[in-house]
Amino acid sequence: MTVRTRFAPSPTGFLHIGGARTALFNQLFARRHGGVFLLRIEDTDKARSTQPAVDQILESLAWLGLSPDEPPVFQSTREARHAEVARELLAQGKAYRAYETPEELVAMRERAMAEKRPPRYEGVWRDREPGREQEGQPFAIRLRAPREGETAVEDLVQGTVRVASTELDDMIILRSDGTPTYLHAVVVDDHDMAITHVIRGDDHLTNTFRQCMVYDAMGWHRPRFAHIPLIHGADGAKLSKRHGAVSVLDLREQGMLPEAVCNYLLRLGWGHGDEEIISRKRAQEIFDIADVGRAASRMDYAKLGHVNGVYLRAADPETLLPEVLHRLTVSGEGFGTEKIAKLKLLLPALQERAKNLAELADSAAFVVAEGAPELDAKAAAVLTPEAKGRLEDLAQFLSGAPWERADLEQWLRDYADVKQVKLKDIAQPLRVALTGSTMSPPIDLTLYALGRDEALARMLAAAGDDLPPPT
RNA sequence: GUCCCCAUCGUCUAGAGGCCUAGGACACCAGCCUUUCACGUUGGCAGCACGGGUUCGAAUCCCGUUGGGGACACCA
């Protein structure tokens with residue numbers, strides 16, 4: 001039997017890091033076993049589901065390389081089928097009509113809570129036939145739960161988990177308006193989609209028992225379950241859309257690389273010896289659901305940043321260029337081929353120094369800037385009157401240099417020798433003049449990439465700037 | 001409140017009774033490399049929640065305590 005897994009988000013908000021990891025594990029598990037990874041949009045809550053959320057989820061998954069292998073299934077399109085199953089259960093006597101109104105149920109629940117009893121449905125209609133009074137009245141369909149014994153689930157991550165039947169009550173599978181409830185719809189859909197492995201957050205663990213009742217009542221085979229621990233925020237509480245969760249698209253905006261995000265997520269709650277940097281291909285070979293830990297883990301942005309840096313440094317500059325250009329041109333128009341050529345020269349050195357695309361673009365801004373770059377505070381402090389004088393002198397000196405990287409380095413060293421100063425004392429003012437910052441790629445490369453005219457012009461501009469450094 | 005789950009450095013983890021004087025990674029600190037920054041590199045800081053068992057031997061097995069988390073809807 002082919003393995004079939006699915007990711008089933010509800011489109012009530014953005015896809016966050018927790019959902020992304022669930023999708024990742026589902027895809028990895030499917031790939032590992034030569035199976036299929038599917039997506040089901042659980043949009044039965046019409047009040048909260050939105051099209052923008054659907055689009056956002058799809059886009060997030062696509063960015064992460066987690067698009068499903070088949071077109072997504074929309075749960076809302078399957079309501080007739082859900083109702084059909086509910087009616088079948090009713091016909092078989094495995095479910096029954098319940099006539100309480102929602103208001104009455106709320107009252108019952110509140111009474112139970114007040115009396116410190118667990119809020120369970122008291123089962124008034126479980127064994128009562130509707131009388132004349134009920135004719136034409138709306139009713140919900142409830143599943144007849146076993147009253148004795150226990151239900152056990154062999155979870156691939158959590159091990160055997162059992163719960164006594166007394167903890168379960170007769171849940172509603174079809175509302176009085178004819179729409180299915182979540183717990184029911186999920187089972188019907190998973191069955192119809194021939195899902196073999198349900199891999200989801202362990203906040204669903206207790207739901208599983210109720211879902212098993214539907215499988216059992218219909219005589220369907222239960223899929224294997226794997227409940228993976230939740231990801232917590234820095235405060236240790238569950239990550240959710242309204243609590244500390246960062247959306248996947250925000251990570252993209254912050255300049256994270258999708259492969260890096262997946263690598264980080266994979267290592268959160270799962271390990272394989274001492275391996276830290278694991279490619280998608282490698283992950284598909286070694287991922288074992290049994291290796292998933294059982295404790296919740298916390299999101300650590302510092303580590304994500306580090307992993308992202310590793311991937312950024314290893315990235316092909318060609319693929320990074322469009323990303324950088326895009327970030328640099330958000331506010332302006334396109335750049336000429338000359339500037340792009342300069343950028344290409346510097347990019348490999350720049351990407352070694354950045355942790356994410358946002359930093360990379362920032363650090364590259366000086367290359368495409370018009371004229372002299374703006375100085376930050378530290379940089380301004382470097383430009384002492386003495387340094388300015390030397391810059392002017394150096395500009396003159398370098399104007400005769402062959403504009404090749406190796407030559408430029410040699411000329412700078414020669415200049416330092418002649419002037420009896422350390423190379424550093426020349427390099428820093430020069431760096432500031434060229435880039436506006438005290439940090440940059442090697443100075444000889446920067447000089448070379450900028451080109452003779454631009455470099456000399458910037459040096460002269462910095463030398464002629466008489467403004468006193470900020471205090 | 002009831003039920004369920006969990007518990008190794010600050011964080012992510014390795015660890016399936018002796019290989020553990022508990023390993024790796026991030027973060028942090030110090031040194032080295034160096035034209036800046038980063039990378040790299042060397043070293044350091046730091047942990048088996050607690051208490052009982054079982055065993056010749058426990059981070060590993062059992063029980064309890066404590067602490068954390070999750071679930072208890074005509075939401076998903």
Side-chain angles (χ1 to χ4, degrees), chain A residues 8-12 42-45 47-49 75 98 100-102 105-106 109 112-113 115-121 138-142 155 158-159 161-164 166-169 171-177 179-183 185-186 201-210 227 229-230 232 234 236-238 264 267-277 293-307 309-310 313 349-355 363 382 409 412-413 416 422-428 430-432 435 437-444 446:
Chain A
S10 61
T12 56
E42 313 230 302
D43 56 349
T44 49
D45 184 343
R48 295 198 299 149
S49 300
Q75 194 162 56
E100 292 90 353
T101 64
L105 290 174
V106 169
R109 195 159 42 241
M113 292 291 238
E115 291 167 21
K116 301 209 167 173
R117 284 182 291 117
R120 312 248 182 278
Y121 176 63
F139 59 87
I141 297 181
R142 283 187 185 264
D155 193 277
Q158 307 289 340
V161 185
R162 35 184 102 243
V163 85
T166 47
E167 296 301 322
L168 274 15
D169 62 359
M171 68 166 172
I172 291 176
I173 55 178
L174 205 70
R175 299 188 188 101
S176 50
D177 66 359
T179 61
T181 56
Y182 165 77
L183 257 13
V186 166
D202 72 7
D203 49 342
H204 287 289
L205 185 57
T206 36
N207 283 338
T208 306
F209 298 100
R210 318 185 86 116
H227 287 92
L230 266 13
H232 288 173
K238 178 184 176 179
Y264 172 75
R267 281 289 288 104
L268 205 55
W270 176 90
H272 191 264
D274 288 341
E275 286 185 58
E276 294 284 348
I277 300 301
R294 286 185 288 184
S297 38
R298 294 186 191 205
M299 185 65 202
D300 181 351
Y301 292 99
K303 187 149 186 177
L304 203 211
H306 171 261
V307 173
V310 171
R313 264 173 259 133
L350 253 17
Q351 78 188 71
E352 266 183 65
R353 294 165 166 73
K355 272 217 183 87
S363 72
V382 171
E409 184 185 4
L412 282 177
R413 288 191 189 280
K422 286 193 212 154
L423 185 54
K424 178 181 178 178
D425 294 326
I426 292 177
Q428 277 311 79
L430 182 52
R431 191 183 310 281
V432 166
T435 71
S437 160
T438 53
M439 301 167 285
S440 86
I443 198 65
D444 52 329
T446 309

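The structure presented is a predicted model; accordingly, all values stated were derived computationally and were not measured.
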N or O in side chain of A:Arg142 less than 4.0 angstrom from B:C74 OP1/OP2: yes
Nearest listed nucleotide, side chain of A:Arg353, among B:G10, B:A38, B:A76: B:A38
Length of the line joining A:Ile172:CD1 and B:A73:P, which is rounded to integer Å: 10 Å
Identify all pairs in which a protein N or O lies below 3.5 Å from an N or O of nucleotides 29-34 of chain B, and state each distance.
none

Minimum-distance nucleotide to A:Leu205 side chain [options: B:A7, B:C26, B:C4]: B:C4
Closest nucleotide among B:G24, B:C72, B:U36 to the A:Lys424 side chain: B:U36
A:Asp203 CG - B:C6 P separation (whole Å): 15 Å
Nearest-angstrom distance from the residue atom CD of A:Glu352 to P of B:A38: 13 Å
Nearest heavy atoms of A:Gly269 and A:Ser297, plus distance in Å: N-OG, 3.9 Å
Side chain of A:Ser176 - closest among B:C37, B:A71, B:C74: B:C74
Rounded interatomic separation in angstrom, taking CE from A:Met171 and C1' from B:C3: 17 Å
Nearest-nucleotide pick for A:Asp274, side chain only, options being B:G24, B:C5, B:C3: B:G24
Separation of atom CD1 in A:Ile426 from atom P in B:U35, rounded to whole Å: 12 Å
Heavy-atom donor-acceptor pair, A:Tyr264 side chain to A:His306 backbone, under 3.5 Å: no
Separation of atom NE2 in A:His227 from atom P in B:C3, rounded to whole Å: 20 Å
side-chain N/O A:Arg294 vs B:C6 OP1/OP2, d < 4.0 Å: yes
